[in-house]
Amino acid sequence: MSGPRGRLSALQRWYERSGRELPWRGERDPYRVWLREIMLQQTTVTAVVPYFQRFITAFPTVQSLAAADEMAVLRLWEGLGYYSRARNLHRAARQIVSELSEQFPSDAVALEALPGVGRYTAGAIASFAFDQRAAIIEANTLRLHARLIGYVGDPRSKDGQAELWSSAAEFVNAATPEFGPGAINQALMDLGATVCTPQSPRCPECPLQKWCVAFQAGQQNEIPRPVVRPVITEVTEATVAIHRRGEFLLRQRAPGERWAGLWDFPRYPVDDDAGVVGTIADGVRAQTGLTIALGDEIATFKHGVTRYRITLRCFAASVEKGRLHRDDSLRWVAPRDFPQFPLSVTGRKFAQRLTNPGLFDRLL
Ligand code: SF4
């Protein structure tokens, strides 16, 4: 057999023998499929597994997620990054419960209407949970299909996307009762992740070698065309733990800000080192109404956010005068209550540093 059926049979044989042993292999519950696929965006399988398990224990059904408080949802997402994913998940759960009679849509077009569900996630839920003939393209299959069809242009361009989705659709459209769309999509992702790897693809082991244009042309190392990496910009920020009677001031980050919805110690961009004290004092006064006496610099953390490498300088401060603005996004919080608040990763590190007994006693 050579044509599309031969290609599909070769993929099936490989998948049965060598597919990855993922914890969710064969999972058909749409809520669980949806949750893991949203978590897997921009995140590795290894990093996702413990988050998935904690999340599904806390919110075992779409109804329980819909009924949850956003703070609890963000707390369980803390550290995974791209927090808009968690907020959209929560909104979509509420939409499913309130507008869709608690039923997940089963076709990709209706799924794409849910907040945070793009073409890939819709295809994944439709094929894995409902065995619909819905194609998917994610990082591993983008590379795989680009090589299979020998696409030398930019695979992320409009034309490139059309070609790749069409290649993916050919596979699921050839599905059989024994090898359905969900299994086909999973097999293609597994093949991309383990054989058709970014560097040095293992073509001699590949079940699709016979049908691979890049392999025939010896172009497997040039396709897909590499992504132009954004230039990394170094920035400095300062954050301040303002304390008063054994509590610290936390601020909830506003919609439109990075990490919207998460809590953090007040934080400000710093233009130059010389002006850091004035920047913090002015920022705190404008944002909270408090005049502070800035104390020691306690720690410095470095972290990356998209195309920025941030050096975060962490200070302590006491309140000199002023009255805190009446604002629900500002709260005095005792250190024992820090675990209840979803914090940024560096906010959590700073919180842990502050609760170190030696430092805590010295500060308060
Ligand atoms: Fe990828 Fe090589 Fe297989 Fe082509 S033959 S799909 S380049 S692993």
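Just the heavy atoms: all of them, side chains too, but no hydrogens, waters or symmetry mates, feed the values below. Every number for a ligand or one of its atoms is a count from 1 in the order of the listing.
Residue L144 places a heavy atom under 4.0 Å from ligand 1.
Close approach of ligand 1 to Q220 is summarised as follows: ligand atoms under 4.0 Å from at least one heavy atom of the residue are 7 (S).
For Y51 and F55, the distance between ring centers is not under 6.0 angstrom.
Between the side chain of R147 and the backbone N or O of Q220 there is at least one donor-acceptor pair closer than 3.5 Å.
Minimum heavy-atom separation, V240 to Y268: CG1-CE1, 4.4 Å.
Scanning the protein for heavy atoms near atom 4 (Fe) of ligand 1, the closest one is C212 SG, 2.3 Å. What sits closest to atom 1 (Fe) of ligand 1 on the protein, heavy atoms only, is C196 SG, 2.4 Å. The nearest protein atom to atom 3 (Fe) of ligand 1, hydrogens excluded, is given as C206 SG, 2.4 Å; this is a heavy-atom distance.
When distances to atom 1 (Fe) of ligand 1 are checked against a cut-off of 2.8 Å, C203 contributes no N, O or S atom below that limit.
Side-chain contact annotation: R85 with N88, donor-acceptor N/O pair under 3.5 Å absent.
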Residue pair Y151, H145: steps toward the ring-ring contact (aromatic ring centres under 6.0 Å, His included) verdict: CA-CA 8 Å; Y151 190 78; H145 287 291; over 10 Å; no

